[in-house]
Structure formats: structure tokens, C-alpha cells
2 protein chains.
Amino acid sequence: MSSSQEKFNAFIREKGLRLTSQRTVIARLALNRETHFTADDLLAWSREKDKGISRATVYRTLSLLTDLGLLESLDFGDGRLCYEPAEGRNHHDHIVCLHCGSITEFHCNEIEELQCDVADRLGFRVDHHSLRIYGTCKDCSERTECNEQR
Amino acid sequence: MSSSQEKFNAFIREKGLRLTSQRTVIARLALNRETHFTADDLLAWSREKDKGISRATVYRTLSLLTDLGLLESLDFGDGRLCYEPAEGRNHHDHIVCLHCGSITEFHCNEIEELQCDVADRLGFRVDHHSLRIYGTCKDCSERTECNEQR
DNA sequence: ATCTAATTGAGACTAAATCTCAATTACGCC
DNA sequence: GGCGTAATTGAGATTTAGTCTCAATTAGAT
Ligand SMILES: [Mn+2]
Ligand SMILES: [Mn+2]
Ligand SMILES: [Zn+2]
Ligand SMILES: [Zn+2]
């Protein structure tokens with residue numbers, strides 16, 4: 001069992017909540033993902049393990065996990081949230097290809113620092129931030145160039 | 001009439017579209033705003049001028065205006081889009097107070113350049129980006145401190 | 001004034017997410 | 001191992017921003 005699953009279980013116990021089979025299945029699947037996923041993805045995977053799991057329970061467990069900081073929710077502007085494991089991973093931002101939808105992660109310390117500077121200057125205390133760059137990935141650029149050369 | 005309204009009218013003519021009274025009302029109200037607004041705000045203002053204006057027409061005109069680049073749409077993650085006039089304004093990003101909801105605009109050239117650097121390094125061509133900082137504004141910080149001192 | 005294609009308004013529809021509530025279940029206690 | 005009870009669940013209703021449909025209206029060319 002991964003350390004984030006153990007944190008989840010400990011949290012459940014601490015708060016006097018109950019460790020149900022549904023929560024166990026859903027949390028395990030969510031916390032061990034490598035890539036971004038949607039609530040609907042998670043519902044489908046969960047139902048492979050237990051047909052009866054409801055959409056509501058998936059959303060309720062996603063809330064628990066994000067409140068706990070074990071998952072992070074991401075809004076890429078396509079009308080639904082994505083999620084990714086947050087535990088033990090470093091903060092990063094995202095660059096999204098408008099053609100193929102691929103999402104690449106990056107981290108830039110200078111940008112992070114400059115954000116703090118800006119916030120300081122404006123008298124804000126920073127809680128978190130969201131930075132997305134939208135554009136065309138290498139593969140899609142090359143594909144487009146080829147088409148243009150026809 | 002503002003220059004962005006004239007651009008809108010010219011565009012309508014060019015494309016063989018029709019300059020209806022509804023489009024005129026909605027575009028004037030949208031393009032002369034100083035602050036961020038929602039589709040629903042715009043519907044309410046439009047109906048003050050012409051009771052019959054429909055939700056659908058407001059959304060349709062918002063699409064025209066954003067496609068034209070006269071408006072920009074902004075997603076602050078609260079489940080609906082905001083809009084702001086884009087014509088003749090410089091690009092800027094936003095810092096949002098999680099307590100009072102106030103939105104402050106800022107611009108940081110170094111951040112903009114670093115974003116390009118990052119994209120270059122990853123082989124992306126940049127189309128646009130979205131940077132939001134979320135935190136606590138000066139006023140809300142001071143209010144909280146006072147409460148704590150009680 | 002006439003014609004016709006673009007536009008409109010009303011309301012149906014969509015889809016993600018939340019809510020409701022009766023039925024089920026985890027778990028502390030014996 | 002059973003009991004009691006409060007937390008949890010599933011089914012499906014609801015919400016809400018936004019889109020779609022289509023018959024009726026209208027802008028603008030002739
Ligand atoms: Mn990520
Ligand atoms: Mn702005
Ligand atoms: Zn791509
Ligand atoms: Zn504030």
C-alpha cells in the first residue's frame with residue numbers, strides 16, 4: 001500500500017469516518033495514477049473493481065482526497081475538472097497542446113519567485129496559483145508543417 | 001461610439017452578417033465595461049435596454065465578440081466564464097482574493113519572457129496562457145489580523 | 001415594397017457536479 | 001459473534017452554465 005493510501009486511512013480513522021470498501025477501492029485507484037484523470041475515468045476504473053460503485057461516492061471521495069491534499073484538481077477549461085496525485089510530487093505547472101490535447105508538466109523556479117514578488121508588491125498573501133500555457137506541441141507543429149509543404 | 005464598437009460593426013458588414021438592434025445593444029454594453037462581467041450580468045444589462053433580449057442571443061454575441069478578439073473570456077474556476085474588453089488594453093494576468101473575491105490585474109514582463117523560454121525548451125509554440133494567483137488581499141489580511149487580536 | 005437568408009426568442013436539451021433520502025453498513029460495545 | 005446507531009451508500013432527482021432547435025421575425029439587397 002502506498003504512503004498516500006496510508007495517510008488516507010489514518011485520516012479516515014482520526015476523523016471518526018468509516019473505511020468502506022468503496023472508499024478503499026476509489027482511493028487506491030486515484031492515488032496510484034501516474035497521469036491526469038477525470039471523475040468519470042475514476043468511476044469507470046472503480047466499477048471494474050466493484051460494479052455497484054456510484055458516481056456520487058466517487059465525487060465524495062474525490063472531495064475527501066483533495067481536501068486532504070493527496071490529490072490536486074486541475075481545470076484545463078474543458079468543462080470538467082482533472083485530478084492528479086499530489087503527495088510526494090513536486091509542484092509543477094502545465095503546458096497544453098491545443099491540437100492533440102497532450103499535457104506536459106514543467107517547473108520554473110524563476111517564475112515561481114516572480115509570482116511571489118508580484119503578490120508581495122500588491123500586498124497579497126499567496127495561497128496557490130495556476131499557470132497554463134496553451135500552444136502547439138512539437139509533434140503537432142511538425143505534422144502541420146508537412147501538410148503545408150504538400 | 002467606441003472604436004471597438006466600430007470594429008464590431010465593420011466585421012458584421014464584412015462577413016455579410018446583419019447588424020440587429022440586439023447585437024448593437026449587447027455589444028455596446030459589453031465593450032464599454034471597465035471590469036470583468038459574466039454572461040448573466042450582460043443579459044441583465046441588455047434587458048434593461050430591451051426587455052425581449054434572450055439568453056441565447058447574449059451568448060451568441062459574446063461568441064462573436066470573443067472570436068473577433070474584442071472580448072477576452074476568463075475562467076476563475078467558479079463554474080462560469082467571465083469576460084472583459086480586450087481591445088486597446090494591454091495583456092495582463094490576475095490575482096484573486098479567496099476571501100472577498102476581488103480581482104487585481106498585474107503584468108510582469110519577466111514572467112511573460114520566462115514562459116516563452118519554457119515553451120521553447122519544450123518545443124511548444126505558444127498561443128496564449130493563463131496565470132492566476134490566488135490568495136488573501138491586503139484588506140482581508142488586515143481584517144483577519146484584527147479578529148485574531150481580539 | 002418585396003424577397004430571402006440571417007437572426008431571434010422560447011424553451012428543450014446537455015453534461016458535470018451536487019443533493020436527497022431510504023436502505024445499507026462499519027465499527028464501538030457488550 | 002450479535003446489537004445499536006450514526007456514517008455511508010446508490011439511485012435518481014436537481015442544479016446550473018451553456019448549447020441547440022425551430023418556427024417566427026427582420027435586415028438589407030434589389
Ligand atoms: Mn500535472
Ligand atoms: Mn482583467
Ligand atoms: Zn499536440
Ligand atoms: Zn480580499
Side-chain angles (χ1 to χ4, degrees), chain A residues 8-30 36-68 71-83 101, chain B residues 8-30 36-68 71-84:
Chain A
F8 179 66
N9 294 358
F11 172 82
I12 292 285
R13 293 255 148 70
E14 271 167 37
K15 293 285 178 185
L17 305 177
R18 290 170 186 185
L19 193 58
T20 64
S21 64
Q22 292 92 334
R23 280 179 177 161
T24 304
V25 166
I26 295 167
R28 182 167 54 79
L29 290 167
H36 309 129
F37 60 89
T38 65
D40 238 45
D41 293 335
L42 184 56
L43 175 62
W45 301 329
S46 301
R47 282 188 169 160
E48 286 172 16
K49 304 290 170 189
D50 171 353
K51 291 198 177 192
I53 285 178
S54 73
R55 170 168 273 101
T57 298
V58 168
Y59 277 103
R60 290 187 282 234
T61 308
L62 280 170
S63 289
L64 282 175
L65 291 166
T66 48
D67 290 352
L68 246 172
L71 286 186
E72 198 158 310
S73 71
L74 302 166
D75 186 346
F76 291 113
D78 60 349
R80 70 221 168 131
L81 291 179
C82 286
Y83 297 85
Chain B
F8 179 65
N9 294 357
F11 172 81
I12 293 283
R13 294 252 149 72
E14 272 167 35
K15 293 285 179 184
L17 305 177
R18 291 173 185 182
L19 193 58
T20 63
S21 64
Q22 293 93 332
R23 279 180 178 160
T24 303
V25 165
I26 296 167
R28 181 166 55 79
L29 290 167
H36 309 129
F37 61 90
T38 65
D40 239 44
D41 293 335
L42 184 56
L43 175 61
W45 301 329
S46 301
R47 282 187 170 162
E48 285 173 17
K49 305 290 171 187
D50 172 354
K51 290 199 177 193
I53 285 179
S54 72
R55 183 177 310 277
T57 298
V58 167
Y59 276 104
R60 288 187 283 233
T61 307
L62 280 171
S63 288
L64 282 175
L65 292 166
T66 48
D67 290 353
L68 246 171
L71 286 186
E72 199 158 310
S73 70
L74 303 165
D75 186 345
F76 290 113
D78 59 349
R80 69 224 167 127
L81 291 180
C82 286
Y83 297 84
E84 69 178 342

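Chain naming here is simple, since letters A, B, ... match the order of the sequence lines and numbering starts at 1 in each.
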Looking at [X] and [Y], what are the two nearest heavy atoms and their distance?
X       : Y       : value
B/Phe37 : B/Ala30 : CE2-O, 3.7 Å
A/Ser73 : A/Tyr83 : CB-CE2, 3.7 Å
B/Thr38 : B/Cys82 : CG2-SG, 4.1 Å

Notebook entry, point to check: Where the side chain of A/Arg13 is defined as all heavy atoms beyond and including C-beta, which of C/dC27, D/dC20, D/dT9 is the nearest nucleotide?
Noted result: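 Nearest listed nucleotide: C/dC27.
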Notebook entry, point to check: Of the candidate nucleotides C/dA17, C/dT8, D/dA17, which contains the atom at the shortest distance from the side chain of A/Leu81?
Noted result: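 Closest nucleotide to the A/Leu81 side chain: C/dA17.
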Taking only side-chain N and O atoms of [X], does any of them lie within less than 4.0 angstrom of OP1 or OP2 on [N]?
X       : N      : value
A/Thr20 : D/dT9  : yes
A/Arg55 : D/dG10 : no
B/Tyr59 : D/dT19 : no

Notebook entry, point to check: If you find the nucleotide of DNA chain C closest to A/Asp40 and the one closest to B/Gln22, which residue's nucleotide is nearer the 5' end?
Noted result: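 The residue whose closest nucleotide sits nearer the 5' end is B/Gln22.
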In whole angstrom, what separates [X]'s [atom1] from [N]'s [atom2]?
X       : N      : atom1 : atom2 : result
B/Lys15 : D/dG28 : NZ    : P     : 17 Å
B/Leu17 : D/dT26 : CG    : P     : 19 Å
A/Ile53 : D/dT9  : CD1   : P     : 9 Å
B/Leu19 : D/dA29 : CG    : C1'   : 15 Å
B/Ile26 : C/dT8  : CD1   : P     : 7 Å
B/Arg18 : C/dA5  : CZ    : P     : 9 Å
B/Arg80 : D/dT16 : CZ    : C1'   : 11 Å
B/Leu43 : C/dG9  : CG    : P     : 10 Å

Check: Can you tell if the side chain of B/Phe8 reaches within under 4.5 Å of the side chain of B/Thr61, non-hydrogen atoms only?
Finding: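 When only atoms from C-beta onward are counted, B/Thr61 and B/Phe8 do touch, with a gap below 4.5 Å.
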Margin query: Distance check, rounded to the nearest 0.5 Å: B/His36 atom NE2 versus B/Glu72 atom CD?
Written below: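 Result: 9.0 Å between the selected atoms.
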Check: Less than 3.5 Å between a donor and an acceptor, one on the side chain of B/Arg60 and one on the base of C/dG9, is that the case here?
Finding: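 When only heavy-atom distances are counted, B/Arg60 does reach the base of C/dG9 through a donor-acceptor pair under 3.5 Å.
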Note to self: Here's a test of your reading of the structure: between B/Ser63 and B/Ser21, which maps to the more 5' nucleotide of DNA chain D?
What the structure shows: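 Its nearest nucleotide lies further toward 5', so the answer is B/Ser63.
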Checklist line | Along DNA chain D (nearest heavy atom to each residue), the more 5'-positioned of A/Ala56 and B/Ile12 | finding: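 Its nearest nucleotide being more 5', the pick is A/Ala56.
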